[in-house]
There are 4 protein chains.
Amino acid sequence: MRKIDPERQQAKRRQIMEAAGNCFARRGFHATTTAEICAEAGMSPGNLFHYFDSKSAIVEAIVEEERADTAAYFAALDESSDLLEALLDFLDAVMAFAADKTYARLALEIAAEATRNPAINTQMAAGDAQTRADIARLLRGAMANGQVDAGLEPEQAASWIVALIDGVFSRLAMDPGFDPQREAPMLRLVVSRFLKAGSAR
Amino acid sequence: MRKIDPERQQAKRRQIMEAAGNCFARRGFHATTTAEICAEAGMSPGNLFHYFDSKSAIVEAIVEEERADTAAYFAALDESSDLLEALLDFLDAVMAFAADKTYARLALEIAAEATRNPAINTQMAAGDAQTRADIARLLRGAMANGQVDAGLEPEQAASWIVALIDGVFSRLAMDPGFDPQREAPMLRLVVSRFLKAGSAR
Amino acid sequence: MRKIDPERQQAKRRQIMEAAGNCFARRGFHATTTAEICAEAGMSPGNLFHYFDSKSAIVEAIVEEERADTAAYFAALDESSDLLEALLDFLDAVMAFAADKTYARLALEIAAEATRNPAINTQMAAGDAQTRADIARLLRGAMANGQVDAGLEPEQAASWIVALIDGVFSRLAMDPGFDPQREAPMLRLVVSRFLKAGSAR
Amino acid sequence: MRKIDPERQQAKRRQIMEAAGNCFARRGFHATTTAEICAEAGMSPGNLFHYFDSKSAIVEAIVEEERADTAAYFAALDESSDLLEALLDFLDAVMAFAADKTYARLALEIAAEATRNPAINTQMAAGDAQTRADIARLLRGAMANGQVDAGLEPEQAASWIVALIDGVFSRLAMDPGFDPQREAPMLRLVVSRFLKAGSAR
DNA sequence: GATGAATGAGCCTTCATTCAT
DNA sequence: GATGAATGAAGGCTCATTCAT
């Protein structure tokens with residue numbers, strides 16, 4: 001008699017998510033067939049649909065994982081440390097992810113899919129809002145410490161920081177010469193100057 | 001005997017491009033069927049394919065038009081005027097377009113499509129490179145005039161300005177609270193601070 | 001320039017309905033694939049779905065045609081003739097149809113399908129109600145003429161006559177020895193005795 | 001060491017048959033998945049297929065049970081009693097079953113399935129033939145007693161009585177206003193008049 | 001130039017059944 | 001006996017594009 005093993009279940013789901021992620025990054029979400037995902041995951045279609053209700057559900061799981069990871073990143077921050085530095089470190093971390101071709105392409109694919117899949121859009125919008133809130137929190141702290149221009153609205157400033165991050169992934173798609181490794185310091189620079197306390201408008 | 005009338009031809013193509021643009025903005029590129037475009041354009045499929053070889057060719061024409069418009073915008077600039085101001089005005093113009101829901105959604109759809117359609121990607125990359133070159137030219141002039149931090153690399157700085165623009169459209173998709181009207185001054189601010197001469201790193 | 005030709009359209013639909021009817025009678029509704037219908041109709045799937053939105057829509061069209069035919073049959077009756085005889089003639093007509101193997105099997109298939117397809121069920125129920133109403137009308141006339149037991153409720157009596165008709169098709173499915181040709185007079189007899197004026201309960 | 005316990009085995013089969021019957025009545029035979037039957041029976045698919053070789057085998061068992069029950073009904077009749085009355089009582093019993101929504105829908109589902117499943121068709125045809133034979137036997141006895149028109153062929157008359165019964169279930173599917181409770185006396189009436197000794201054709 | 005009927009390859013998903021544990 | 005994960009064939013339908021008129 002075998003009981004349902006949630007760990008095994010989760011492992012299978014992970015396996016599928018990874019296989020799907022590779023396929024999506026390689027060929028795009030729409031161009032990827034479930035058959036391809038099955039092949040990549042070494043699994044029959046019947047079995048794949050045992051773990052996910054639909055192709056879309058796989059993306060949703062990927063998005064959710066990403067959201068959770070980002071949330072965990074911010075939750076782990078030491079609130080007593082240098083908050084501006086913490087924000088800039090986050091940007092470095094983003095650039096490190098962006099340097100991974102597969103990750104970058106997958107991020108783009110998912111964003112594109114969110115354009116037309118309302119479920120994914122809603123989910124991504126939620127994660128996005130959460131990230132903006134986390135950044136705004138850092139900004140508020142940094143303002144209190146005098147590290148950041150107190151004349152800025154934290155939420156609005158966070159929006160523009162996230163816009164820059166989105167822009168990075170767009171650059172990766174449009175400009176073959178855009179090298180994340182080389183550009184990481186520039187992202188710090190752009191954000192630093194934007195936030196700098198004592199700036200005159 | 002009637003000769004081929006290139007103007008009439010061009011008018012029909014425009015009619016199709018507009019119909020397709022509306023459909024793409026409304027339902028997305030992939031979800032839009034050629035039948036829908038035909039209906040919106042008041043035209044039979046046989047006829048539509050008389051003017052465009054493929055659905056993709058319609059997008060390519062739209063992208064090309066956009067590219068030409070942007071190129072014309074920069075070509076029309078008075079080189080002897082305030083170049084930094086010219087750049088910031090360009091950003092305002094972008095935000096004005098972004099305020100148009102249909103335009104914004106269409107831009108997003110096309111960017112998403114470029115993700116997987118190599119022809120469109122190549123074409124957009126070319127337009128993108130051109131825009132960066134135009135911005136870099138402005139920056140170089142503004143640097144010569146001492147308006148912009150001469151320590152920046154013009155091409156690299158242009159990249160980040162374009163990244164911000166891309167980010168704006170991403171914001172429109174992800175954040176329902178992002179209001180182009182209200183955010184236009186912020187875009188000026190972010191770019192101004194980034195470029196400001198005399199900034200210390 | 002070709003205009004939509006409604007006759008040609010209707011002819012195609014008929015062609016498909018006949019092909020589908022043959023397939024359904026031969027293999028059953030569920031076992032029949034759209035590919036089989038296409039093959040039987042000499043047509044590509046794309047084209048078939050140009051004329052019918054779904055496999056189910058084909059059955060609906062068949063049912064509708066049947067309903068219209070039956071309605072036309074009753075509408076064409078001479079109201080001044082012998083109404084009881086008209087009813088019994090109708091029963092003979094039904095038995096003549098039942099003698100056609102393909103028709104009989106198709107009728108059964110459709111009835112079975114109505115069991116689980118609500119759209120078809122509704123439609124068949126409507127046709128059924130109409131037929132019962134038509135029969136009840138005949139009965140009322142025949143009662144006025146003293147040909148039919150006036151103690152019967154016309155609608156209720158009509159129900160039982162229709163039940164017998166349904167029962168005939170059931171017999172054809174269950175009893176290989178049930179020969180419509182031979183049984184036609186029996187149907188007249190059962191109904192005649194049931195309706196006979198002057199019967200004592 | 002545990003021996004195979006046939007009673008336990010039989011109980012499990014019954015449990016499955018009942019669960020399946022409920023599902024079939026609720027959603028139809030084809031629409032019911034084995035997974036649903038498993039859920040209703042509180043059982044894993046592996047286990048279910050341990051007791052029945054196939055989904056079809058479950059229906060076959062249900063049909064067989066029904067056949068046996070009907071056979072038992074006739075076997076239990078007192079041959080010395082009023083045979084016409086016995087027949088009419090049987091009809092009342094049928095109507096009582098028909099009044100049970102679940103039973104009625106299940107009967108219909110199974111009849112529909114018999115349309116396309118040869119194994120079930122054969123089996124139902126056998127039960128049907130048996131019932132007709134039982135009714136014919138009653139009729140022969142009733143003829144001998146002068147209760148039934150001796151001019152009728154017993155087998156043929158039985159066929160038409162069974163046709164009426166089938167028709168009742170058809171009515172239940174097609175006519176929401178058909179109330180078994182109310183119609184039971186009518187079935188008696190139709191059959192009585194049909195069989196009545198001394199009838200003139 | 002214009003029409004709309006015709007094509008056909010391809011995809012997501014279902015589900016009865018089997019099998020390893 | 002019991003579990004539930006795994007299988008894989010099959011099917012309805014879509015839609016960009018072509019072609020006869």
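All values derive from a computational prediction rather than experimental measurement. Hydrogens, waters and symmetry mates play no part in the numbers below; they use all other heavy atoms, side chains included. Here is how names work: the chains are called A, B, and so on, in the same order as the sequence lines, proteins then strands, and each is numbered from 1.
For B/Ala112, the side-chain contact (heavy atoms from CB on, under 4.5 Å) criterion is met by A/Ala112, A/Arg116, not counting sequence neighbours. C/Ala111 pairs by the side-chain contact (heavy atoms from CB on, under 4.5 Å) definition with nothing, not counting sequence neighbours. For A/Glu18, there are no side-chain contact (heavy atoms from CB on, under 4.5 Å) partners at least two apart in sequence or on another chain. For the side chain to side chain donor-acceptor pair (under 3.5 Å) test, residues two or more places apart in sequence or in another chain that qualify with A/Glu64 are A/Arg67. By the side-chain contact (heavy atoms from CB on, under 4.5 Å) test, D/Glu60 is found to be paired with D/Ser56, D/Ala119, D/Ile120, D/Gln123, residues two or more places apart in sequence or in another chain being considered.
For the pair B/Ile58 and B/Met17, the tightest heavy-atom approach, listed with the atom from each and the gap, is CG2-CA, 4.3 Å.
Taking atom CD1 on C/Ile16 and atom P on E/dA6, their separation rounds to 9 Å, with Å as the unit. For the pair B/Lys12 NZ and E/dA2 C1', the interatomic distance rounds to 9 Å; values are reported in whole Å.
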With both pairing distances under 3.5 angstrom for Watson-Crick or G-U wobble, and | for a partner in another strand, the correct string for DNA chain F is .||||||||||||||||||||

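Closest approach to the B/Pro45 side chain among E/dA9, E/dG4, F/dA5 is made by E/dG4 (side chain taken as heavy atoms from C-beta onward).
Within the structure, ring pair (Phe, Tyr, Trp, His ring centres under 6.0 Å) pairs that include any residue of residues 22-42 of chain B comprise A/His30-B/His30, B/Phe24-B/Phe29 (at least two apart or interchain). Pairs engaging residues 47-68 of chain A under the ring pair (Phe, Tyr, Trp, His ring centres under 6.0 Å) rule: none recorded [sequence neighbours left out].
The phosphate of E/dT21 has neither OP1 nor OP2 within less than 4.0 Å of any side-chain N or O from A/Arg8. For B/Gln9, a side-chain nitrogen or oxygen approaches OP1 or OP2 of E/dG1 to under 4.0 Å.
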Stepwise, does the side-chain contact (heavy atoms from CB on, under 4.5 Å) test hold for D/Leu48 with D/Ile16? CA-CA 8 Å; D/Leu48 182 142; D/Ile16 293 169; 4.1 Å; yes

Pair A/Glu66-A/Tyr103, side-chain contact (heavy atoms from CB on, under 4.5 Å): steps then yes or no: CA-CA 11 Å; A/Glu66 178 69 17; A/Tyr103 181 93; 2.5 Å; yes

Just distance, no hydrogens or angles: give the donor-acceptor pairs under 3.5 Å from side chains in residues 35-45 of chain A, sequence neighbours left out.
unit_1  : atom_1 : unit_2  : atom_2 : d
A/Glu36 : OE1    : A/Thr33 : N      : 3.1
A/Glu36 : OE2    : A/Arg27 : NE     : 3.3
A/Glu36 : OE2    : A/Arg27 : NH2    : 2.8
A/Glu40 : OE1    : A/Arg26 : NH2    : 2.8
A/Glu40 : OE2    : A/Asn22 : ND2    : 3.4
A/Ser44 : OG     : A/Asn47 : N      : 3.3

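Residues from residues 47-60 of chain A lying near DNA chain E, meaning a heavy-atom separation below 4.0 Å, are A/Phe49, A/Ser54, A/Lys55 in numerical order. Listed by residue number, there are no residues of residues 110-120 of chain A with a heavy-atom contact under 4.0 Å to DNA chain E. Against DNA chain F, the stretch residues 24-44 of chain D makes heavy-atom approaches under 4.0 Å through D/Ser44.
Remark: side-chain polar atoms of D/Asn121 are paired, donor with acceptor, to backbone N or O of D/Ala114 under 3.5 angstrom. Between the side chain of D/Lys55 and the backbone N or O of D/Thr32 there is at least one donor-acceptor pair closer than 3.5 Å.
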